[in-house]
Number of protein chains: 2
Amino acid sequence: MPFEDKKKSRVTLLDVAARANVSRATASLVIRKSPLVGADTRARVEEAMRELGYVYNMGAARLRAERSHTVGVVVPNLTNPFFAELLSGIESVIDAAGMVVILANSGDLAERQDMVMQRMREHGVDGVIICPAAATEPEFLGRMAEWGLPLVQALRHISDDIDYAGVNYAAGMREAVGHLASLGHRRIAFAVHGPVHSAYLERIEGFRDAMFSRGFDPDLIIRVSDQTAQIPGSAHLLFENPDKPTAVVCFNDVIALGLSAGLHDLGLKVGENFSLIGFDDVAEAEVIRPRLTSVSTAPVTIGENAARMLLDRLTDPLLPPRRVVKETQLHIRQSCGPIAGPAL
Amino acid sequence: MPFEDKKKSRVTLLDVAARANVSRATASLVIRKSPLVGADTRARVEEAMRELGYVYNMGAARLRAERSHTVGVVVPNLTNPFFAELLSGIESVIDAAGMVVILANSGDLAERQDMVMQRMREHGVDGVIICPAAATEPEFLGRMAEWGLPLVQALRHISDDIDYAGVNYAAGMREAVGHLASLGHRRIAFAVHGPVHSAYLERIEGFRDAMFSRGFDPDLIIRVSDQTAQIPGSAHLLFENPDKPTAVVCFNDVIALGLSAGLHDLGLKVGENFSLIGFDDVAEAEVIRPRLTSVSTAPVTIGENAARMLLDRLTDPLLPPRRVVKETQLHIRQSCGPIAGPAL
DNA sequence: AAAAGCTTTTAGATCGATCTAAATGGATGG
DNA sequence: CCATCCATTTAGATCGATCTAAAAGCTTTT
């Protein structure tokens with residue numbers, strides 16, 4: 001429908017301006033919705049743009065204006081649905097602000113993370129939302145500050161001098177332990193895996209804190225496989241300690257699902273003679289039997305928070321560093337029951 | 001360490017060139033690893049870049065060179081781990097090729113998809129990998145062709161004239177039905193949900209084809225909830241048909257997991273007096289009890305295939321349209337057993 | 001009628017790279 | 001010793017927008 005001129009490689013602002021009988025500068029103002037331009041002129045230019053099938057050239061605009069309408073997002077791992085949800089939250093807010101997301105995967109490796117950030121910089125992103133790789137060294141942030149690149153940390157944090165959008169993991173863990181304690185459990189294990197980072201440490205801290213303050217043994221921490229398929233096989237670890245636990249708090253729902261199966265394999269009835277509580281509240285929690293009691297962390301919301309923080313910082317770079325820490329919520333289902341006879 | 005000049009806003013190629021005593025053009029050649037430049041000159045320029053802390057400006061390069069080193073990826077939904085894995089595969093290949101991914105979410109809405117594509121175009125992506133929204137109208141592709149934007153369809157396809165990286169869904173379904181048939185099942189249901197698109201139709205076709213060719217009733221198709229949490233509650237639908245099935249093939253593993261729980265709730269023993277087979281082979285298949293027999297579709301691999309196809313097309317835009325269709329693989333676990341007494 | 005104050009429009013420089021086409025310098029050949 | 005060739009290097013135009021500072025039209029004030 002829009003009559004195309006196959007000869008000319010591309011319709012530019014100059015073409016639009018010519019057709020609308022205005023200068024290129026005016027046409028530019030129209031695109032940017034400047035209030036300086038008169039109503040009739042604006043209409044004429046917009047008409048011309050439509051007729052010519054004009055496409056805005058961000059690249060050219062960015063070069064001059066030093067703004068790319070582009071945000072970098074760096075996550076450790078896309079395969080993990082948790083990060084995918086985070087990303088989803090980020091994308092929706094960034095998109096609504098008329099910007100786009102440039103995605104990168106650090107593989108949770110500091111070295112790759114460096115490369116990826118370099119690439120982001122070359123692409124001229126306006127800012128970056130990053131879930132820092134586990135072994136990120138502190139100098140990393142110094143370098144970022146030197147670059148003057150607006151940064152928001154999501155889910156994990158390395159520095160308090162930089163915006164952070166996360167979850168109150170420690171409180172969530174306290175909630176989990178509290179729930180089990182209220183059911184009469186005293187010997188509670190904590191099942192963990194994965195790399196060590198702030199979110200890891202906060203969960204450990206919350207667990208130990210909650211256990212310690214009740215006079216329970218806070219050291220029943222077991223480490224299960226990082227491979228999802230092998231977690232069920234790690235269930236026996238729970239009972240290698242002489243002080244056999246009657247319940248287990250899980251670092252995340254992947255572990256909880258795995259241990260739920262593993263405990264079942266060992267002949268235990270989860271929710272009856274052994275209790276299990278997850279963390280993250282993934283969709284599957286509702287779909288396994290027994291239904292998994294879990295502490296929700298709502299990664300989509302964290303993503304939205306992180307994106308909003310970055311947008312705020314872009315409009316006002318001098319904002320003091322902020323922390324937006326979301327509270328968790330306990331979803332009670334079937335996997336926890338009152339303390340029964342000794343396990344095994 | 002690199003001595004920064006806070007006054008000057010940015011180190012450009014001209015600065016580098018000056019310091020290395022060469023022209024800007026030569027410095028440009030060095031960055032692009034042109035073989036035209038002498039070894040000693042190259043070394044000098046690289047040294048200068050390091051000393052000045054030079055950062056390549058993609059935006060400027062793109063303006064002149066008409067190449068952005070940027071690939072758009074459009075998916076219907078990030079929250080679905082399936083698409084997240086697809087994305088992961090795409091990202092790894094694109095990254096290895098020195099390009100970056102610009103991400104967008106169509107929400108499976110044709111209208112949003114249009115907006116998103118427009119935005120991709122404004123950002124000057126070199127090409128786009130798209131999993132087309134369910135209700136994409138055929139004109140969409142005409143418009144894309146008019147734009148001359150290299151395109152690859154992933155997982156779903158609308159046109160045979162455009163590259164497509166996908167899965168042989170129909171064959172996978174035949175495999176699933178074949179497995180159940182070999183265990184003696186004849187009355188097999190098919191549980192579906194979600195929007196209608198090519199991947200949906202191919203699965204239906206594969207199921208019906210496999211049933212029909214064996215002389216089984218191909219019309220036992222039931223539609224379950226789109227909400228993960230409500231799928232278990234849909235299990236009773238299986239038995240509303242007078243011709244009660246003894247097994248069910250699921251459209252995907254989300255449904256399989258849900259029905260597995262729902263059947264359990266109805267007092268059936270999956271794998272003993274009712275058989276169930278999933279599709280996609282997600283990580284959880286190994287972690288629920290009974291372990292889920294499932295047909296794997298390996299979305300990461302599809303993503304890699306799609307990305308490679310796009311890269312090929314970028315180097316040679318005149319390539320004829322190609323189809324890369326991956327075969328599925330059946331993973332036999334515990335959720336299917338030989339036919340037993342009548343269900344319920 | 002000139003000055004002042006608005007609003008609206010504009011010419012021309014500019015962002016930082018790449019491209020083209022030509023220049024440079026040294027080696028080789030007649 | 002000049003012509004030819006090859007490998008390097010380069011000046012200057014160019015991509016398509018935005019920015020600055022000033023001009024052009026208006027109306028209102030003096």
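Atoms considered below: every heavy atom in the structure, side chains included; atoms not considered: hydrogens, waters and symmetry mates. Residue numbers begin at 1 in each chain, while the letters A, B, ... track the order of the sequences.
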Self-check item: Selection: residues 36-49 of chain B, any non-hydrogen atom under 4.0 Å of DNA chain D
Solution: B:L36, B:V37, B:G38, B:T41
Quiz prompt | Separation of C:dC15 P from B:L14 CG (nearest whole Å) | solution = 10 Å
Quiz item: C:dC19 phosphate, OP1 or OP2: any side-chain N/O from B:R32 under 4.0 angstrom?
Solution: yes
Quiz item: Of A:I162, A:L319, A:L151, which meets side-chain contact (heavy atoms from CB on, under 4.5 Å) against A:R313?
Solution: A:L319
Quiz item: For D:dT9, does OP1 or OP2 lie under 4.0 Å from any side-chain N or O of B:S23?
Solution: no
Quiz item: Out of C:dT18, D:dA17, C:dG16, which nucleotide sits closest to the side chain of B:R10?
Solution: C:dG16
Exercise. Answer yes if the side chains of B:R24 and B:S28 hold a donor-acceptor pair under 3.5 Å, and no otherwise.
Key: no
Practice problem: Count the heavy atoms of every other residue, nucleotide or ligand shown that sit under 6.0 Å from CD of A:E111, and state whether that count exceeds 12. | Solution: no
Quiz prompt | Interatomic distance where CE belongs to B:M58 and C1' belongs to C:dG16 [whole Å] | solution = 13 Å
Quiz prompt | Under 4.0 angstrom between B:R24 side-chain N/O and D:dT10 OP1 or OP2 | solution = no
Exercise. Tell me what B:A25 touches on the nucleic acid: a base, only sugar-phosphate, or nothing, going by heavy atoms under 4.0 Å.
Key: base
Self-check item: N/O donor-acceptor pair under 3.5 Å between B:R323 side chain and B:D160 backbone
Solution: no
Quiz prompt | Between P of C:dC15 and CG of B:L13, the distance in whole Å | solution = 14 Å
Practice problem: Evaluate the criterion side-chain contact (heavy atoms from CB on, under 4.5 Å) for residue pair B:R67 and B:H69; output intermediate values, then yes/no. | Solution: CA-CA 6 Å; B:R67 190 115 199 280; B:H69 294 270; 4.0 Å; yes
Practice problem: Enumerate the residues from residues 62-70 of chain A whose closest heavy atom to DNA chain C is under 4.0 Å, giving them by residue number; use none for an empty result. | Solution: A:L63, A:R64
Quiz item: Checking side-chain contact (heavy atoms from CB on, under 4.5 Å) against A:F83, which of A:S88, A:P299, A:C131 comes through?
Solution: A:C131
Practice problem: Before accepting this row, confirm whether a basic side-chain N of the pair B:D108/B:R156 lies closer than 4.0 Å to the acidic partner's carboxylate O. | Solution: yes
Self-check item: Between C:dA17 (P) and B:K33 (NZ): distance, integer Å
Solution: 15 Å
Exercise. Return the nearest nucleotide to the side chain of B:A61; candidates are C:dG16, D:dT10, C:dT18.
Key: C:dT18
Practice problem: Mind checking salt bridge (charged side-chain N to carboxylate O under 4.0 Å, His left out) for A:E122 and listing every partner two or more places apart, or none if nothing turns up? | Solution: none
